[in-house]
Amino acid sequence: RRKNEDIGLPGGKRLREFYALICKEKQYFGKLDTRIHTDLLHVVHGYSRKRPRIKISSERIKSIDEALRAGTDCPFNDVEEIRRFIFKRKEEKLRNFDAEQYYDKNKTVAYTANNQVAQQRLTSRCVDLIHTGRDKSEIDDPNKNNTKSGLLLDIGCGSGLSSQYALGNAASRAGFAIGIDRSPDMLLQCDRNILDVILMDMGQKLPFRSSVFDTCISVSAIHFLFGPKDEKERGQRFMSSLSRCLIPVDDHHNYRFSAQFFPETSSVPELLLESAQNNGFKDARLLLDYTHHTTAFRWYLHCWPEKAQGCSQCILAENEVSNRINAQCCLCLADYDSSFSNKKHIIWVKNDHARRARQLIRKYNHDPNIIDNEVLRNLAVKLREAFGAKVTQEDLVTIHYKRLENMLHPSIIE
């Protein structure tokens, strides 16, 4: 990261060449003041994370900006340019990802062994979403539920973990599955007693006849639909062929379809939603769920029944993309349909919302300008009106989800 001899300057400044790894590639930042090297390295590492996070003050950011402009041979003028460069590099890396080349035999075995619990939870949530808000008479009927005569399509099935858990879920009506994936080593790990597999790219037109699958799920896969050149074309082709081969649930052409994905770039959720709504899934919606013990979001694309269109997003979620495209909060679905998710998970998410509200009050009390999002700033004002300008530790503990409910979900269905 630091090379060559220091260059002495008046005023005690010393310039030294600075290097940092961005997406596993060495990047040269020029000869910079050594006093900002540690902060600059923190900025680079912070923006390189899956969930970018910078924990340094605005004054130190300004110092970095000044050092970048005063440095020698520096390709960046300020921290904002570095952020854009890192995000662009991450997008290029994601779009050029090739599962066929990446997953060899050893990586496939390690993936299967290390992701069983995570795959089970994500698949369970997908199955929950497929049946949330729908008529439960067929699910509750033991005669129909135990037959499991339906056919499941698993997009990006990998080693078959998601199909295995989906078929074993009590709410699933599927008894057999067909999976597609582009990694041969992944498909070799599948249990062929419950799953037939096809080696293909999901961006191609699906090779199935019309109305053959009862249910479709996808876990951690469909964000790879959008390649470096033909983004919308691949998404539209996939969604159009998928809606054709699924059996409609009702006259409104609703489908039993749910997919979990990781949007490494901000454009992926919007592209997925647009592709789905314009190619057969007119009632497609995005959902934000949460993981225990972390601040990470989990994104889902699913078909939401027309009668439940009023469920809205949670404005406490600090996510610009979700606010822009009106992604639903999992608490909205839980309030609309009590069968969605398990009670322990919903209690945890409610407590997490209360924790975020307490953080928001503390931020606003320290400096209102810290909160860049106008929606969150307005929410902070409402919270101060409800709990007072000077919030003690005792008051913070009393901020429970029930008292926040009307503020967070103003248009929730009663």
Side-chain angles (χ1 to χ4, degrees), residues 1-93 264-267 295-297 316-324 356-381 383-384 389-391:
R1 295 169 185 148
R2 302 169 181 174
K3 296 182 63 177
N4 297 350
E5 297 180 357
D6 294 346
I7 304 174
L9 292 176
K13 295 182 180 180
R14 304 181 76 84
L15 298 184
R16 181 182 289 175
E17 289 187 351
F18 182 85
Y19 292 82
L21 291 178
I22 299 178
C23 296
K24 298 183 179 181
E25 295 182 9
K26 184 183 288 188
Q27 175 64 38
Y28 177 60
F29 285 78
K31 297 176 181 177
L32 304 175
D33 187 349
T34 56
R35 292 177 296 184
I36 59 94
H37 280 201
T38 301
D39 284 346
L40 180 56
L41 189 62
H42 173 82
V43 167
V44 173
H45 287 175
Y47 285 134
S48 299
R49 293 163 55 100
K50 270 193 172 182
R51 286 181 57 83
R53 183 173 57 188
I54 305 298
K55 288 186 175 181
I56 57 178
S57 64
S58 57
E59 289 78 10
R60 290 162 71 181
I61 292 290
K62 290 180 182 178
S63 299
I64 297 175
D65 292 342
E66 293 173 359
L68 292 173
R69 298 188 190 100
T72 306
D73 301 330
C74 182
F76 308 103
N77 290 320
D78 52 31
V79 171
E80 178 60 24
E81 282 193 14
I82 295 175
R83 184 191 68 83
R84 290 198 297 265
F85 177 81
I86 294 175
F87 283 11
K88 184 178 179 181
R89 182 72 65 84
K90 288 166 66 176
E91 287 186 14
E92 291 173 354
K93 183 180 178 181
E264 296 286 348
T265 65
S266 59
S267 60
T295 58
F297 293 112
L316 191 60
E318 297 184 60
N319 190 296
E320 294 181 2
V321 177
S322 68
N323 288 328
R324 187 166 67 249
R356 291 172 185 267
R358 294 194 293 269
Q359 288 179 347
L360 192 62
I361 292 176
R362 285 195 292 266
K363 284 183 180 180
Y364 192 90
N365 287 340
H366 179 71
D367 184 3
N369 296 324
I370 295 179
I371 307 174
D372 298 329
N373 191 311
E374 186 177 352
V375 176
L376 289 176
R377 196 182 301 117
N378 293 336
L379 176 60
V381 174
L383 290 171
R384 279 167 56 90
K390 294 183 179 180
V391 182

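Note that the structure is predicted; figures quoted are calculated from it, not measured.
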Evaluate the salt bridge (Lys or Arg N to Asp or Glu O under 4.0 Å) criterion for residues Glu80 and Arg83: first the C-alpha distance (whole Å), next the side-chain angles of each, then the deciding distance (0.1 Å), finally the verdict. CA-CA 5 Å; Glu80 178 60 24; Arg83 184 191 68 83; 2.5 Å; yes

State, yes or no, whether a side-chain contact exists between Gln27 and Phe85 at a heavy-atom distance under 4.5 Å. yes

I'd like to know whether Lys31 forms a side chain to side chain contact (heavy atoms under 4.5 Å, CB included) with Phe18, so could you lay out the CA-CA distance, the side-chain angles of the two residues, the decisive distance to 0.1 Å, and finally the verdict. CA-CA 6 Å; Lys31 297 176 181 177; Phe18 182 85; over 6 Å; no

Any idea which heavy atoms bring His42 and Lys55 closest together, and the distance? NE2-N, 3.1 Å

Could you check whether any side-chain heavy atom of Ile64 comes within less than 4.5 Å of a side-chain heavy atom of Val43, counting everything from C-beta outward? yes

Pair Arg16-Leu32, side chain to side chain contact (heavy atoms under 4.5 Å, CB included): steps then yes or no: CA-CA 6 Å; Arg16 181 182 289 175; Leu32 304 175; over 6 Å; no

Students often mix this up, so state it plainly: with edges at 30° and 60°, are the rings of Tyr28 and Tyr19 parallel, tilted or perpendicular? tilted

Side chains of Glu81 and Arg84: closer than 4.5 Å at any heavy-atom pair? yes

Decide side chain to side chain contact (heavy atoms under 4.5 Å, CB included) for Asn77 and Leu68; before the verdict, give the C-alpha distance in whole Å, the side-chain angles of both, and the deciding distance to 0.1 Å. CA-CA 6 Å; Asn77 290 320; Leu68 292 173; over 6 Å; no

Glu25 versus Arg89: any side-chain heavy-atom pair under 4.5 Å? yes

Ile82 and Phe29 have their tightest heavy-atom pair at CD1-CE2, 3.9 Å

Taking the side chain as every heavy atom from C-beta outward, state whether His37 and Thr34 have any pair of such atoms under 4.5 Å apart. yes

Should Ile22 and Tyr47 be marked as a side chain to side chain contact (heavy atoms under 4.5 Å, CB included) after you check the CA-CA gap, both sets of side-chain angles, and the distance that decides it? CA-CA 9 Å; Ile22 299 178; Tyr47 285 134; over 6 Å; no

